[in-house]
Structure formats: structure tokens, C-alpha cells
Amino acid sequence: SGLTDTLTLSGGLVAAEHYQSLAVAVARNFGDIGALQLDITASDSRLARGEEKRGGWRRFLYAKSFAGAGTQLQLAGYRYSSTGFYDFSESVQERRRWENGHYKNYYWDNDQDRDDNGFTGTPVISYSPDFATKKARLSLTLNQQTGDSGQAWLTLNRQSYWQNSGTEMSIQSGYSSRWGKVSYSIFYQRTRNNYYSGDDSVNFRFTLPLTLGKQTATASLDMHTTNQGTPASSLGLSGTLMDKNNLSYSVQSSYEKSVGQGQNMSLGYHSQAGNFYAGYAGAPDMRQLSINATGSVVAHSGGISLAPPLGNTFSLAYAPDAVGTGISNQQGSHINSAGYAIVPYAIPYRVNEFSLNTAELPDGVDIPVATLTTIPTRGAITRLSFETFSGENLLIHSVMQDGSYPPVGAMTYASDGRSNGVVGPDGDIYASGVKQGESLVVRWGASTDETCSMRIPVQADIPLRKRGYREINAVCKVKEHK
């Protein structure tokens with residue numbers, strides 16, 4: 001909780017069957033010189049060998065952002081007061097590695113023969129009487145923004161243990177930026193631990209966005225090498241096809257010194273009936289073909305609907321006459337011929353907003369409210385019922401009996417009271433979901449003198465425009481007073 005605008009006090013508790021810990025922390029923002037946090041944690045662990053261990057740790061965390069220079073610095077130091085401190089992850093690992101009175105360790109021995117990747121075929125297994133617990137740790141993270149798109153980073157970690165004199169160390173550094181349309185990154189990693197002298201690796205990656213007609217794709221080149229002299233590289237192309245990007249593809253050719261030339265190809269299709277995937281992988285001594293299909297079947301009062309894989313909480317949308325209309329931001333979810341669509345994911349106990357993509361509505365279908373919200377409980381199936389109206393799409397050139405036009409901005413209502421148009425300049429009205437022979441009412445005030453009506457004629461002989469509407473002329477008549 002914030003005690004002041006610069007001072008924060010926090011704490012936490014972890015309780016499990018064989019483990020408990022309590023933490024307290026205080027943080028202070030010192031403004032221009034940065035922020036500092038101090039932590040104290042105590043733990044009580046019941047080990048697999050029956051002992052009970054207690055211990056604690058202290059940590060300091062310093063962070064500073066140099067906004068003008070684009071630099072962010074974070075420094076953390078950990079000191080563990082005794083061999084008896086276990087964090088929750090170590091407590092779980094201690095029980096997992098306990099075997100017949102000893103602790104099982106896996107490591108790679110430097111003296112063994114190694115393959116071209118620098119590793120033995122199987123790890124060396126050893127047993128020790130004690131489980132190694134941390135003694136101290138120092139961590140440094142530095143990020144530097146360069147120019148509009150460049151970023152360099154450096155991470156250093158050094159850790160020691162109570163049970164031995166060895167230390168673990170890792171260094172990671174890299175730089176990423178963009179040159180024209182090409183994005184590139186360089187990454188270096190160096191690791192050392194108690195059992196294996198470690199590894200040094202350098203990685204390069206280049207990506208280039210492409211435009212293939214109306215579709216987008218990405219070309220990539222990756223190169224990797226280690227201190228064991230094992231270069232590897234890959235060249236790939238990936239992207240999507242079809243209007244709604246339902247079809248995805250990936251093609252990749254790779255080379256590794258220990259394996260040789262390899263090829264990978266995959267094709268995926270996302271539809272309202274499920275997800276379908278086919279893949280191929282090949283190498284000098286290996287060929288693999290895979291085919292996969294995943295989906296769901298949902299039975300409801302309106303019938304049976306096929307759907308992509310479902311989450312624990314999902315929704316059933318109903319919009320009659322809106323066949324083929326998609327649900328916004330829900331790839332593969334479209335209204336089927338029965339008027340239903342499955343929305344495969346919803347967030348429980350949150351407001352979920354779902355919208356029909358009105359640009360995909362069939363000609364002559366009108367949806368007054370295209371967005372609905374729901375707040376489901378976990379595991380619930382909610383129903384989204386969209387009200388739809390079907391009929392003609394019309395551009396009506398309306399005129400009053402005296403030759404004038406209805407006022408601009410006047411609302412147009414269908415015979416059932418539904419609003420389905422607004423009067424524009426020169427009496428033009430675009431209305432959707434209008435039935436032949438129906439009467440429309442134009443209203444610009446509360447009195448009968450501020451209302452007129454017009455009857456829509458049968459449009460069988462009126463040609464349909466390319467954009468899916470018909471043009472008609474209509475006289476809007478004001479009701480006469482008796």
C-alpha cells in the first residue's frame with residue numbers, strides 16, 4: 001500500500017503443505033536519483049528427508065530511468081542468511097530430486113566426448129547428500145534506446161551456493177534495430193555453471209515484411225554459432241492468405257553442421273468448423289508428415305454447431321438472416337445458415353463486448369444494435385441475441401406533396417417502429433431492411449404536422465445497383481386534419 005506518493009509498503013504470504021514463507025518490503029522513490037526497494041523474507045520448509053529448515057534472505061533493488069538519454073538501469077543484490085532458506089521453487093525441486101537418501105543431479109561432463117552441438121548424448125547423473133541452496137546473487141540489467149528504432153540491452157547474473165565454492169554466471173547482450181524495412185537483431189549469450197564449463201553463442205536474425213498482392217508476408221534469415229564451432233542457419237517465408245487471413249503458411253530451409261540440410265513446410269486453416277493443419281519436415285535421414293484437425297461440437301436449442309477449440313467460458317451468438325457475417329476480432333467465427341455462431345473465448349467475471357462486422361451483412365439485412373455485452377461466470381455459456389431485419393436496401397428520393405423536401409436530419413421509421421434511416425440533403429434517405437409494400441414514417445417533430453408517410457412500391461422492375469441497393473422516388477404525405 002502507498003503510505004505516501006513516494007513511499008510504498010508491501011508484503012506477502014505463501015502457504016503450502018510442506019512450505020510457508022512471509023515477505024515484507026519497503027520501496028522509496030527518490031526522484032532524480034532513482035528508486036530503491038528493500039525486502040526481507042523468512043521461510044519454513046519441511047524437507048523430503050524429514051528435516052525442518054528455517055532461514056531468510058535480504059534483497060535490495062535499485063532502478064533508475066534516464067529519460068533524456070533513453071537509458072534504464074536495474075541492479076539487484078540478494079543475500080541468503082543461512083543454508084536453511086528455501087524459496088517455493090527450491091522446496092518443490094528438493095522433494096522432486098530426493099531419491100533413496102540422496103539428491104539426484106543432472107549435468108554434462110567436460111571430459112566426455114561431445115557431439116557437434118557440444119553436448120553428450122545423455123546427461124551424467126550424480127548423487128549428493130545435500131541439496132544446494134543459494135548463498136548470494138547479483139543481477140544487473142541495462143537497456144539503452146538508440147535513435148528511433150534501435151535498442152541495446154545487457155544482462156549480467158552471478159550466483160553462489162552454500163554447499164560448494166563454484167559459481168554460476170550468465171551474460172546476455174544484444175542489439176536490435178531497423179534499416180529501411182529490414183528489422184535485424186544480434187544476440188550474444190555466455191553461460192557458466194558448477195558442472196559444465198558452459199557455452200558461448202552468437203545469433204543473428206533479419207526479417208523483411210513483404211506485400212504479395214493484397215496479402216502480407218514476412219521473410220526471415222537466422223544464423224547461429226557457438227564456441228564449439230557448430231554453425232546453423234535458416235531461411236524462411238511465412239504469411240497469410242484469403243480475405244480474412246484464415247489461411248496461414250510457412251516455408252523454411254535450414255542447415256546445421258551435425259544434421260545437414262533440412263526443410264519445413266506447414267499450412268493452417270482457421271474456419272468456423274475448426275482448425276486444420278498440415279506439416280512436413282525433412283532431413284537427410286528423416287521424413288515426417290503430420291495432419292491435425294481440432295474443433296468442437298456444441299448442441300443447443302437451435303441445433304448443433306461446429307466450432308474451433310473452445311475455452312472454458314464461451315458464447316453462442318444468434319443473428320437470423322445474417323449468414324456469413326463475422327464476429328469482430330474472432331477469427332473463424334461467422335454466422336452459419338441456421339443463424340448461429342460460436343464465440344470460442346470469453347473472460348469470466350469481466351465485461352465482454354462482441355460486435356457483428358456490419359460490412360459483411362447480406363444485402364437487405366439491418367441490425368439496429370450490432371454490439372452486445374455479457375459478463376459470464378467461469379464455465380458459463382452465454383447467449384448473444386442480435387435483432388435483425390431483412391428486406392430491401394433502398395435509396396429513396398423523397399419529396400413532400402408541395403414539392404419541398406422533408407427536413408434534413410428527420411428520422412425514418414419502419415412500420416414496426418424501428419428506426420432505419422435519416423433524411424439527408426434533397427430529401428435522400430438510405431434505408432435498409434425495407435419490405436415491399438411497407439409504409440415508412442418520417443418524423444421531425446412531435447405534432448402530426450411534423451410527420452409524413454410514404455408507401456414503398458413493389459420494386460420488381462427496378463434494377464439493383466452494383467452496391468446492392470435500389471433507387472426509388474416516393475412522395476411523403478402529411479396526414480390531413482379532418
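None of the values given here were measured: they were computed from a predicted structure. We're numbering straight along the sequence, starting at 1.
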_Criterion side-chain hydrogen bond (donor to acceptor under 3.5 Å, both in side chains) against H397, the qualifying member of D426, D428, N473_ = D428
*Stepwise side-chain contact (heavy atoms from CB on, under 4.5 Å) test for T313 and N352*: CA-CA 11 Å; T313 306; N352 291 255; over 6 Å; no
*How about W444 and C452: do any of their side-chain heavy atoms sit closer than 4.5 Å?*
yes
*Backbone N or O of G437 within a donor-acceptor pair of the R455 side chain at under 3.5 Å?*
yes
*For Q189 and S170, does a side-chain donor sit closer than 3.5 Å to a side-chain acceptor?*
no
*Provide the closest heavy-atom pair for L237 versus A217 in the form atom of the first, atom of the second, distance.*
CD1-CB, 4.1 Å
*Looking only at heavy atoms, which two atoms of V343 and A317 are closest? And how far apart?*
CG2-CB, 4.5 Å
*Could you tell me whether the side chain of S296 and the main chain of P308 form a donor-acceptor pair under 3.5 Å?*
yes
_side chain to side chain contact (heavy atoms under 4.5 Å, CB included), paired with V298, selected from L306, I381, I342, I304_ = I342
_I want to check something: taking the side chain as every heavy atom from C-beta on, are R383 and H300 in contact at a cut-off of under 4.5 Å?_
no
*asked:* Using side-chain heavy atoms (C-beta onward) and a distance below 4.5 Å, is T216 in contact with P209?
replied: no
*Which heavy atom in V475 sits nearest to a heavy atom in M454, and how many Å separate them?*
O-CB, 3.3 Å
*Just how far is it from atom CZ of F66 to atom CD of Q72, taken to the nearest 0.5 Å?*
10.5 Å
*Output all residues satisfying salt bridge (charged side-chain N to carboxylate O under 4.0 Å, His left out) with E353, sequence neighbours left out; order by chain, then residue number.*
none
*Pick from L73, I171, T155: which one makes a side chain to side chain contact (heavy atoms under 4.5 Å, CB included) with L140?*
L73
*Straight-line distance of Y340 OH to S301 OG, nearest 0.5 Å*: 5.0 Å
_For a 4.5 angstrom cut-off between non-hydrogen side-chain atoms, does L267 reach F276?_
no
*Between T371 and S355, does any side-chain donor sit less than 3.5 Å from a side-chain acceptor?*
yes
*asked:* E360 vs T325, test: side chain to side chain donor-acceptor pair (under 3.5 Å). Steps then yes/no.
replied: CA-CA 5 Å; E360 298 175 350; T325 303; 5.6 Å; no
*Trace of the side-chain contact (heavy atoms from CB on, under 4.5 Å) decision for T412 with I396*: CA-CA 11 Å; T412 304; I396 306 171; over 6 Å; no
*Just wondering, are more than 12 heavy atoms of other shown residues or ligands nearer than 6.0 Å to CZ in R378?*
no
_Other residues, nucleotides, ligands: >12 heavy atoms within 6.0 Å of I291 CD1_ = no
*Hey, what do you get for OH (Y318) to CG (L372), rounding to the nearest 0.5 Å?*
14.0 Å
*asked:* I'd like to know if the side chain of N312 and the backbone of G379 have a donor-acceptor N/O pair within less than 3.5 Å.
replied: yes
*About how many Å separate OG of S398 and CG of L440, when rounded to the nearest 0.5 Å?*
10.0 Å
*asked:* With no hydrogens and no angle check, just 3.5 Å: does a side-chain donor-acceptor pair link S328 and N357?
replied: no
_Counting neighbours of NZ on K477 that are heavy atoms of other residues, nucleotides or ligands and sit closer than 6.0 Å, is the number greater than 12?_
no
*asked:* With no hydrogens and no angle check, just 3.5 Å: does a side-chain donor-acceptor pair link Q215 and N245?
replied: yes
*Relative to each other, are the rings of Y86 and F131 parallel, tilted or perpendicular (30° and 60° limits)?*
parallel
*Could you tell me whether E387 and R418 have a side-chain N and a carboxylate O separated by less than 4.0 Å?*
no
*asked:* For P284 versus G260, what's the shortest heavy-atom pair and its separation?
replied: CG-CA, 4.4 Å
*Taking the side chain as every heavy atom from C-beta outward, state whether N393 and Y430 have any pair of such atoms under 4.5 Å apart.*
yes
_Check: Y175 and Y188 side chains under 4.5 Å, non-hydrogen atoms_ = no
_I'd like to know whether W153 forms a side-chain contact (heavy atoms from CB on, under 4.5 Å) with S176, so could you lay out the CA-CA distance, the side-chain angles of the two residues, the decisive distance to 0.1 Å, and finally the verdict._
CA-CA 9 Å; W153 69 93; S176 63; 4.0 Å; yes
_My understanding is that only residues two or more places apart in sequence, or in another chain, count here; which of them pass salt bridge (charged side-chain N to carboxylate O under 4.0 Å, His left out) with D222?_
R205
*Rounded to the nearest 0.5 Å, how far does NE2 of H270 lie from CE of M242?*
11.5 Å
*May I ask you to decide if E90's main-chain N or O and E94's side chain share a donor-acceptor pair within less than 3.5 Å?*
no
_Close side-chain approach of N275 to P309, heavy-atom, < 4.5 Å_ = yes
*Please report the shortest heavy-atom distance between G445 and E450, naming the atom on each side.*
CA-OE1, 3.1 Å
*With distance as the sole criterion, is a donor-acceptor pair present between the side chains of Q330 and Y345 under 3.5 Å?*
no
*Look at atom CG of D148 and say whether more than 12 heavy atoms of other residues, nucleotides or ligands are closer to it than 6.0 Å.*
no
*If you measure only the distance, is there a donor-acceptor pair under 3.5 Å linking the side chains of D39 and Q37?*
yes
*asked:* Donor-acceptor pair, distance only, cut-off 3.5 Å: does the side chain of T388 make one with the backbone of P320?
replied: yes
*To the nearest 0.5 angstrom, please state how far the CD1 atom of I186 sits from the CE atom of M223.*
9.0 Å
*Under the side-chain hydrogen bond (donor to acceptor under 3.5 Å, both in side chains) rule, collect the residues that match up with S315, sequence neighbours excluded.*
T382
*Minimum heavy-atom distance between I335 and A322, given as atom pair plus value*: CB-O, 3.2 Å
_Can you confirm whether Y269 sits close enough to L247 that some side-chain heavy atom of one is under 4.5 Å from a side-chain heavy atom of the other?_
yes
_Distance alone, cut at 3.5 Å: any donor-acceptor contact between the side chains of H224 and N203?_
yes
*Any donor and acceptor pair, going by atom type alone, linking the side chain of E438 with main-chain N or O of S415 inside 3.5 Å?*
yes
*Please answer whether the main-chain N or O of A69 pairs with a side-chain N or O of Q144 as donor and acceptor at a distance below 3.5 Å.*
yes
*Just by modelled atom types, is the D200 backbone N or O under 3.5 Å from a matching donor or acceptor in the R190 side chain?*
no
_Evaluate L212 against L241 for side-chain contact (heavy atoms from CB on, under 4.5 Å), listing each step before the verdict._
CA-CA 9 Å; L212 306 177; L241 297 172; over 6 Å; no
